[in-house]
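Structure, as structure tokens:
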Protein chains: 2
Amino acid sequence: MMSSASSAEQLRDRLRSRGLRWTPQRRTLLVVLEAAQGHVTGAELVERCRAIDPATTPSTVYRTLDVLEDLGIVQHGHGADGREEFHVRPEQEHGHLHCAACGGTWEIDEREATTIVNSFREERGFEVDLSHVTVVGLCRECSSAGNQQPGSSA
Amino acid sequence: MMSSASSAEQLRDRLRSRGLRWTPQRRTLLVVLEAAQGHVTGAELVERCRAIDPATTPSTVYRTLDVLEDLGIVQHGHGADGREEFHVRPEQEHGHLHCAACGGTWEIDEREATTIVNSFREERGFEVDLSHVTVVGLCRECSSAGNQQPGSSA
DNA sequence: GGCCTTGTTGCAACCCGTGGCAATAAAGTA
DNA sequence: TACTTTATTGCCACGGGTTGCAACAAGGCC
Ligand SMILES: [Mn+2]
Ligand SMILES: [Mn+2]
Ligand SMILES: [Zn+2]
Ligand SMILES: [Zn+2]
């Protein structure tokens, strides 16, 4: 009634129009993604798919995530430890700030990133992918508490 | 003659003064690091240690790298894929820029990072660890050639 | 519906680390 | 040197993710 094409139908058509295929495994992941929001790791997505279809295979999920990323449906970044984190339907593109001492994380929104993005664009012609940015360091509390960056105890 | 304490002796004494120990495995890694420069992955360091001592175990190498990082002797960052990369005696602290299309990488030196570092410090009180920064996006050539960020094909 | 092309899946093996645990061995002390 | 403490090692099993490959199946076509 409201919209004649469900999210699944839209994706199915976008895949088909590119010669790609609509499979049960992809449908499962889409269902999971529709129920998710914010940040999720790849491993979590695999688990959630398994909750729907226990036969889910990690490689299939990761390969499908690659496809969905090409389509702009998800974006991945990396936590401070380098592990993947997926942004699912973020309200707006953003990066992350991570405190190495307390483990806190904060989002870097587009406004805050403007300076950075513009300076790389102007000085280098480099287009920053903000969603892939994770800046590690010490938050205000931790740095004023005298905590150290890993490696600054020289 | 020139300096009475070799690099190994210096490290040995720093470890002992902290109640830590000077072991053959650590000596092997030190030898490898002294022969290295620039960027090396953890896996490469393991291989190079094995070239000296085939009995080298990965966990020992990684644990020793943690210790050396605490001492400020190495610093790690992450490549665009999240894998560890160690900075061995960098001439100066720096971050990295990585083009998602051509795979090119460039260093972000302290001068170039000043704007970023200062803006996080002033707006957030956050102290950025520049050596841990990897910014991914599109370089000038790739972005003007119309290449796409992964995920911008929506 | 049946046929074909070829994109996709599942499997297995692999890579990069990490962490618990019991055995080993630095190194300070007597 | 012998003894003692405890940091470190090696081993093993695991977590997260990637990849080659043969079998499978989506879906366009008749
Ligand atoms: Mn890290
Ligand atoms: Mn990445
Ligand atoms: Zn903190
Ligand atoms: Zn490029």
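Sequence lines set the chain letters: A, B, ... in the order given, protein chains first and strands last, and positions in each chain run from 1.
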Hey, does A:Gly19 reach any base, or is it just sugar-phosphate, or nothing, if we go heavy atoms under 4.0 Å? sugar-phosphate

Would you indicate, yes or no, if [N] has its OP1 or OP2 atom less than 4.0 angstrom from a side-chain nitrogen or oxygen of [X]?
X	N	value
A:Tyr62	D:dT18	no
B:Arg83	C:dC15	no
A:Thr57	C:dT9	no
B:Gln25	D:dG10	yes
A:Thr64	C:dT8	no
A:Arg16	D:dG27	yes

Does a distance-only test, which skips hydrogens and angles, find a donor-acceptor pair under 3.5 Å between the side chain of A:Ser59 and the base of C:dC11? yes

Can you tell me the distance, in whole Å, between the [atom1] atom of [X] and the [atom2] atom of [N]?
X	N	atom1	atom2	answer
A:Arg27	C:dT8	CZ	P	17 Å
B:Leu29	D:dT8	CG	C1'	14 Å
A:Arg50	C:dG10	CZ	C1'	12 Å
A:Glu47	D:dG17	CD	P	11 Å
B:Arg63	D:dT6	CZ	P	19 Å
B:Arg18	C:dG28	CZ	P	16 Å
A:Asp81	D:dC14	CG	C1'	16 Å
A:Arg26	D:dA25	CZ	C1'	12 Å

Is there a donor-acceptor pair under 3.5 Å between the side chain of B:Thr60 and the backbone N or O of B:Thr56? no

If we check side-chain hydrogen bond (donor to acceptor under 3.5 Å, both in side chains) with A:His76, which of these qualifies: A:His87, A:His39, A:Glu85, A:His132? A:His132

Please tell me if the side chains of A:Ser131 and A:Pro90 come closer than 4.5 Å, counting only heavy atoms from C-beta onward.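 Of all side-chain heavy-atom pairs linking A:Pro90 with A:Ser131, none is under 4.5 Å.
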
When you measure from the side chain of [X], which nucleotide among [options] comes out closest?
X	options	value
B:Arg21	D:dG10, C:dA25, C:dG10	C:dA25
B:Trp22	D:dG10, C:dA27, D:dT9	C:dA27
B:Glu84	D:dT9, C:dG10, C:dT18	C:dT18

For A:Gly42 and for A:Leu20, find the nucleotide of DNA chain D with the closest heavy atom, then tell me which residue's nucleotide is more 5'. A:Gly42

Let me know, please, whether A:Glu85 or B:Leu15 comes out on the 5' side of the other along DNA chain D by nearest nucleotide. B:Leu15

Does the side chain of B:Glu34 come under 3.5 Å of the side chain of B:Ser7 through a donor N or O and an acceptor N or O? yes

Modelled atom types, side-chain donor and acceptor of A:His96 and A:His78, under 3.5 Å: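 Per modelled atom types, A:His96 and A:His78 side chains form no pair under 3.5 Å.
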
Please tell me which of B:Pro58 and B:Pro24 maps to the more 5' nucleotide of DNA chain C, matching each residue to the nucleotide holding its nearest heavy atom. B:Pro58

Minimal heavy-atom distance between A:Ala100 and A:Val136, with the atoms involved, is CB-CG1, 4.0 Å

